[in-house]
Amino acid sequence: MADHGKAKRGIPPKSDFNAWYPAIVEIAELVDKRYPIKGMDVWRPYGWKAMRCIDSLTHSEMERTGHEEVRFPLLIPEDLLEKENRLVSLLKRARDEGVDPSELREQQEEAGFKKEVYWVRQAGETDLDVPMFLRPTSETAMYTLFPLWIRSHVDLPLKTYQIVNTFRYETKQTRSFIRVREIHFFEAHTAHVDEECATQQIHEDLEIVSRLMSNMSLPVIVSKRPVWDTFPGAWYTIAIDVIMPNGRTLQVASCHHYKDQWAKAFDIKYQNEAGETQYCHQTTYGMSERLLGAVVGIHGDDNGLIFPPPIAPIQVVIIPVAQHKSPSVSIAVESAAESLRNVGYRIKIDDRDLRPGQKYWDWEIKGVPLRLEIGPRDVENGNALAARRTGGKDPIPLDNLVDGVRNQLDIIHSELTKRSNNHANTCVNRLESLDQEIIDGQIYEVAFDGSDSDAEVLEKSTGLTILGDTMTEYSEPQPCIVSGKMTTRCQHLARMY
RNA sequence: GGGCCCGUAGGUUAGCUUGGUCUAUACUUGACGGCUGGGGGCCGUCAGACUCCGGUUCAAAUCCGGACGGGCCCA
């Protein structure tokens with residue numbers, strides 16, 4: 001593409017990802033970072049619409065799988081936290097000592113959690129007797145009400161979710177969508193009659209993840225996190241990571257199996273058919289605005305963003321060309337827009353009084369997947385010129401626009417899927433021995449079945465972090481990279497965000 | 001947790017070392033008018049900034065201290 005020395009409105013090349021990413025989120029008008037609080041960006045209309053398009057996919061998955069939407073308060077009184085703290089410190093001690101949590105007696109221990117939350121200690125002029133904090137996640141709030149909602153086995157499973165803002169006082173460097181202090185957060189919380197039913201829920205969650213990720217053309221690595229990276233209070237954690245262009249992995253979603261650990265802490269019980277009192281088994285499934293960060297990072301190029309059609313805030317932009325020359329142009333443009341809107345496409349007509357070239361740049365930066373140009377010549381020929389953001393132009397007939405556009409968007413979607421899968425595949429290498437050179441920007445698959453101290457050796461010597469066990473093991477036993485003993489366990493190593 | 005850098009219009013920036021000539025530079029953006037119009041058009045007119053507080057000084061965008069904000073690197 002011709003670059004008339006104009007440096008593309010200041011977009012750094014994507015090969016310099018650490019400069020490209022923060023620049024593009026502002027240039028494409030997703031966020032405004034000028035709000036004077038660290039890690040709290042302002043969502044601009046275009047960015048917010050993109051997030052809402054992702055949310056809307058999430059909502060329909062929740063609907064499909066029978067989850068019900070709830071909305072819990074932002075503020076949580078401090079005293080509710082005590083139960084959670086006791087649980088977390090108990091589990092932590094059990095892990096440290098390598099014993100089952102039920103063998104330990106509870107003991108008072110301060111969880112490090114308080115440092116990461118925002119506190120409300122005053123209301124008006126009054127100092128609050130019981131301070132409140134802004135939710136960093138909603139277990140505490142929800143599980144205070146669950147015992148009141150669940151009494152009988154017929155109340156189960158309870159499948160709830162909410163999409164809300166959560167808060168975390170980050171002291172590290174912040175990055176739009178990736179590490180922020182106010183987080184746009186999705187959380188599903190479920191309660192079941194037993195461990196097996198909760199496990200089934202985890203399977204359903206993973207199916208939802210896979211459907212969502214395929215809509216967004218995001219290849220993912222699904223890992224069972226090692227114990228030391230398991231969410232506090234969870235029996236196990238399954239995390240979903242995306243490989244960003246610089247080779248760092250970004251955790252975009254996670255599912256936690258809580259067994260009955262939280263239920264015991266919060267007294268969430270039901271009576272079964274036999275009239276016996278049982279503890280519930282619970283799960284959670286979380287995602288965040290990091291999904292948008294991943295979409296931006298993975299699909300964008302030197303010219304700007306590229307949105308996968310299912311979540312593009314604007315799927316087709318229609319550009320009237322040389323409108324003044326013939327009144328037939330704006331008639332054709334209006335009717336094209338109407339027919340596409342009627343079948344549910346998100347359409348924008350750009351009739352600003354600007355040169356067409358400038359409009360093209362604008363919408364390319366913003367990642368609109370398909371552009372339709374309609375000018376006097378096209379009207380005469382009965383065509384619109386369709387330009388794909390992923391490259392290539394085709395005329396499509398005006399009298400069958402809907403099929404033509406659907407076809408074009410399909411091409412774009414599969415092109416994005418192909419590109420991102422290619423990237424993911426070229427990033428992942430097998431690590432055969434600890435002497436092998438670690439290349440920056442690569443992630444590694446490894447046979448590993450060692451102890452915690454072996455894991456430390458592995459992480460120290462590679463400078464990478466263990467993501468955890470893959471969902472499918474090796475079919476043939478392989479020698480563990482540290483201990484040498486034969487194993488089918490397959491794990492990934494990466495630099496994480 | 002440890003270390004480093006930075007703060008001038010909406011954006012990018014010159015000026016700061018060696019205080020005065022700053023009534024602060026340029027590009028871009030925005031408004032208005034005209035010519036234009038199939039890949040960043042041209043001309044004209046206009047608008048817009050020294051983060052805040054304190055200190056030094058006859059004099060501070062410039063030097064010193066602090067606050068706030070932004071960014072980077074290493075545990």
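Below, all heavy atoms of this structure are taken into account, side chains as well, without hydrogens, waters or symmetry copies. For clarity, every value in this text was computed on a predicted model and none was experimentally measured.
- Judged by distance alone, the side chain of A:Thr237 and the main-chain N or O of A:Arg225 form no donor-acceptor pair under 3.5 Å.
- Following rounding to the nearest Å, A:Ile24 (CD1) and B:G11 (P) show an atom-to-atom distance of 18 Å.
- Searching all strands for a Watson-Crick or G-U wobble partner of B:A75 with both distances below 3.5 Å returns nothing.
- Nearest nucleotide to the A:Lys38 side chain, out of B:U36, B:G38, B:G70: B:G70.
- Taking 3.5 Å as the limit, the base of B:G39 and the side chain of A:Glu364 contain a donor-acceptor pair of atoms between them.
- With sequence neighbours excluded, the residues that form a side-chain hydrogen bond (donor to acceptor under 3.5 Å, both in side chains) with A:Tyr360 are A:Glu373.
- Residue A:Trp361 and nucleotide B:G40 are classified as a stacked aromatic pair, their ring centres being separated by less than 5.5 Å at an interplanar angle below 30°.
- In this structure, B:G69 forms a base pair with B:C6, meeting either the Watson-Crick or the G-U wobble geometry with both donor-acceptor distances under 3.5 Å.
- Rounded to whole Å, the separation between the C1' atoms of B:U51 and B:C6 comes to 12 Å.
- Taking atom CG of residue A:Asp32 and atom P of nucleotide B:G10, one finds them 12 Å apart after rounding to whole Å.
- Annotation: B:G7 and B:U13 have their P atoms spaced 10 Å apart (nearest Å).
- The phosphate of B:G37 has neither OP1 nor OP2 within less than 4.0 Å of any side-chain N or O from A:Arg355.
- Listed by first and then second residue, the salt bridge (Lys or Arg N to Asp or Glu O under 4.0 Å) pairs that reach into residues 411-424 of chain A are A:Glu415-A:Lys418, A:Glu415-A:Arg419, sequence neighbours excluded.
- Residue contacts for A:Ile319: at a heavy-atom cut-off of 4.0 Å it reaches no nucleic acid atom on any strand shown.
- Taking a pair to require two hydrogen-bonding distances under 3.5 Å in either a Watson-Crick or a G-U wobble arrangement, B:A14 remains unpaired.
- Remark: of the listed residues A:Lys359, A:Gln408, A:Glu364, A:Glu364 is the sole one forming a side chain to side chain contact (heavy atoms under 4.5 Å, CB included) with A:Arg371.
- Side chain of A:Leu385, nearest nucleotide from B:G11, B:G38, B:G70: B:G38.
- As rounded to whole Å, 20 Å separates atom P of B:G38 from atom CD1 of A:Ile318.
- Between A:Leu354 atom CG and B:U29 atom P the separation is 11 Å, expressed in whole Å.
- Separation of the C1' atoms belonging to B:G55 and B:G19 is 15 Å when rounded to the nearest angstrom.
- Nucleotides B:U21 and B:A31, compared at atom P, are 35 Å apart to the nearest Å.
- Nearest to the side-chain atoms of A:Thr174 among the listed nucleotides B:G41, B:G71, B:G37 stands B:G71.
- Separation of the C1' atoms belonging to B:A9 and B:A14 is 14 Å when rounded to the nearest angstrom.
- Remark on RNA chain B: of its neighbouring residues A:Tyr35 and A:Lys325, the 5'-side contact belongs to A:Lys325, judged by nearest-heavy-atom nucleotide.
- A residue-by-residue look at A:Thr171 and A:Pro376 shows that A:Thr171 has its nearest nucleotide of RNA chain B further toward the 5' end.
- Side-chain proximity of A:Arg34 to the nucleotides B:G39, B:G70, B:G10 is greatest for B:G10.
- In this model, no donor atom of one side chain and acceptor atom of the other lie less than 3.5 Å apart for A:Ser420 and A:His299.
- Using bins of under 30°, 30° to 60° and over 60° for the plane-to-plane angle, the ring pair A:His256/A:Tyr258 lands in the parallel bin.
- The CG atom of A:Leu372 sits 17 Å away from the C1' atom of B:G39 (whole-angstrom rounding).
- Summarising the base pairing, B:G33 is matched to B:C43 through a Watson-Crick or G-U wobble pair whose two defining distances lie under 3.5 Å.
- Here the separation of B:A49 from B:C22, taken at their C1' atoms, is 13 Å to the nearest Å.
- For A:Ile27 and B:U29, the CD1 to C1' distance is 14 Å, given to the nearest whole Å.
- Residue A:Gln358 contributes atom CD, which lies 15 Å from atom C1' of B:G38 at whole-angstrom precision.
- A donor N or O paired with an acceptor N or O is found under 3.5 Å between the base of B:G37 and the side-chain atoms of A:Asp353.
- Going from the P atom of B:U45 to that of B:A26 covers 14 Å, rounded to whole Å.
- With hydrogens and angles disregarded, no donor-acceptor distance shorter than 3.5 Å links the side chain of A:Ser217 to the backbone of A:Met213.
- Residues A:Tyr35 and A:Trp43 keep their aromatic ring centres 6.0 Å or farther apart.
- Under the Watson-Crick or G-U wobble criterion, with both distances below 3.5 Å, B:G20 is paired with B:C58.
- Rounded to a whole angstrom, the distance from the P atom of B:G30 to that of B:C73 is 33 Å.
- A donor-acceptor contact under 3.5 Å is formed by the side chain of A:Arg371 with the base of B:G39.
- Across B:U36, B:G70, B:G38, the shortest atom-to-atom separation from the side chain of A:Val321 is found for B:G38.
- We find that CD of A:Glu170 is positioned 18 Å from C1' of B:G69, with the value rounded to whole Å.
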